[in-house]
Amino acid sequence: MGPMSRRDLNRRNLMILGLTVLALLISILGPEQLAHYKDHGTLNQIVVEETDGSSEGYRYSLNSNEKLYLLSECLNHQVLPESELSAMTRVSASDMDYENLIGSYSFVVNRQGPSGKEITGEAVYEVCNREIGILKERGILPDSVKEVDASSYHAVLYSAIDVLEPQNNMSVWKVSLSTSHQNADKANRLIDAYIDAVSGRIYEFYVRTENTWAQMQPEKMMDEWGNYLGLTGREDYESVNPLLETTPNYLKYRFPGIECGSTVVTIGFYEGINELFIKIT
């Protein structure tokens, strides 16, 4: 094959130059045109995508010590206003009706009813009996304590709310011996109990027993009760006012709460009526 003519050489060079220019144009303008074409395909169109809602927003969760503290503050500062405040529960800070809230803590009836995560009114008695069984196994309650049922007891759902920090809130069931049974035999019966509406754990209770204070081991019972609730940081507590209790049969302990606050827990016994109690203040 003979040498390439000048004309053919020029044609090849022009072809190479053209391909080079085309490659440069594609590299510069190609991505922009592709993006424009993609945008044109989705512009002015609504696209719906399903997302995982498990991490939707942030909700602060109180630990056991903080729940105990919040409940104790609400029980000891509760005011029951005659307003629609009693219908408020588990609302966001933006929806909170601050004008009707009284004091720093509110303990109000939850008229909205249980949410999907809370124990229902139908199930609360079964849950209460389950927890009574656990307290018996731990030696906190005597085996003679009877089970509760809907025919003899009354259950009300409450909301405990820190008014200044409304994200700090919890729901509790109060299970009480019905007023129609108040004059009936209360031996070995639960009189009152406050039950966590989510976990079912019993925070406070009053119960009639056949046992006496001398037969009980209150320090061991408090050890078990603290472990049962998952509480930490317990300290012995000496009251500066010996007249705080109407019975000489009691021991007091303190648990750290929210920030610098603390909860005083009393285990005691009323002679005569043989009533054992654990209360929080």
Passing candidate, ring-ring contact (aromatic ring centres under 6.0 Å, His included) with Tyr158, options Tyr194, Phe107, Tyr203: Phe107

Cationic tip of Lys252 within the cone over Tyr250's six-membered ring, i.e. under 6.0 Å and within 45° of the normal?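 The answer is yes, since Lys252 meets both limits relative to Tyr250.
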
Report yes or no: is the cationic atom of Arg254 (NZ for Lys, CZ for Arg) closer than 6.0 Å to the six-membered ring centre of Tyr237, at no more than 45° off its axis? no

Donor-acceptor pair, [X] side chain versus [Y] backbone, under 3.5 Å?
X      : Y      : value
Glu131 : Cys128 : no
Trp173 : Ile119 : yes
Tyr228 : Ile202 : yes
Asp162 : Leu70  : no

Taking atom CD of Gln217 as the centre, report whether more than 12 heavy atoms of other residues, nucleotides or ligands fall under 6.0 Å from it.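 At most 12 heavy atoms, drawn from other residues, nucleotides or ligands, come within 6.0 Å of this atom.
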
Hey, are Lys279 and Glu245 close enough for a salt bridge, meaning a charged N less than 4.0 Å from a carboxylate O?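 Looking at Lys279 and Glu245, the cut-off is met.
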
Side chain to side chain contact (heavy atoms under 4.5 Å, CB included) between Val265 and Leu68, intermediate numbers included: CA-CA 9 Å; Val265 178; Leu68 188 73; 4.0 Å; yes

Side chains of [X] and [Y] only: does a donor on one sit below 3.5 Å from an acceptor on the other?
X      : Y      : value
Asn188 : Glu210 : yes
Asp192 : Ser176 : yes
Asn168 : Glu66  : no
Thr209 : Asn211 : no

Steps toward ring-ring contact (aromatic ring centres under 6.0 Å, His included) verdict (Phe277, Tyr270): CA-CA 8 Å; Phe277 65 87; Tyr270 296 121; 4.7 Å; yes

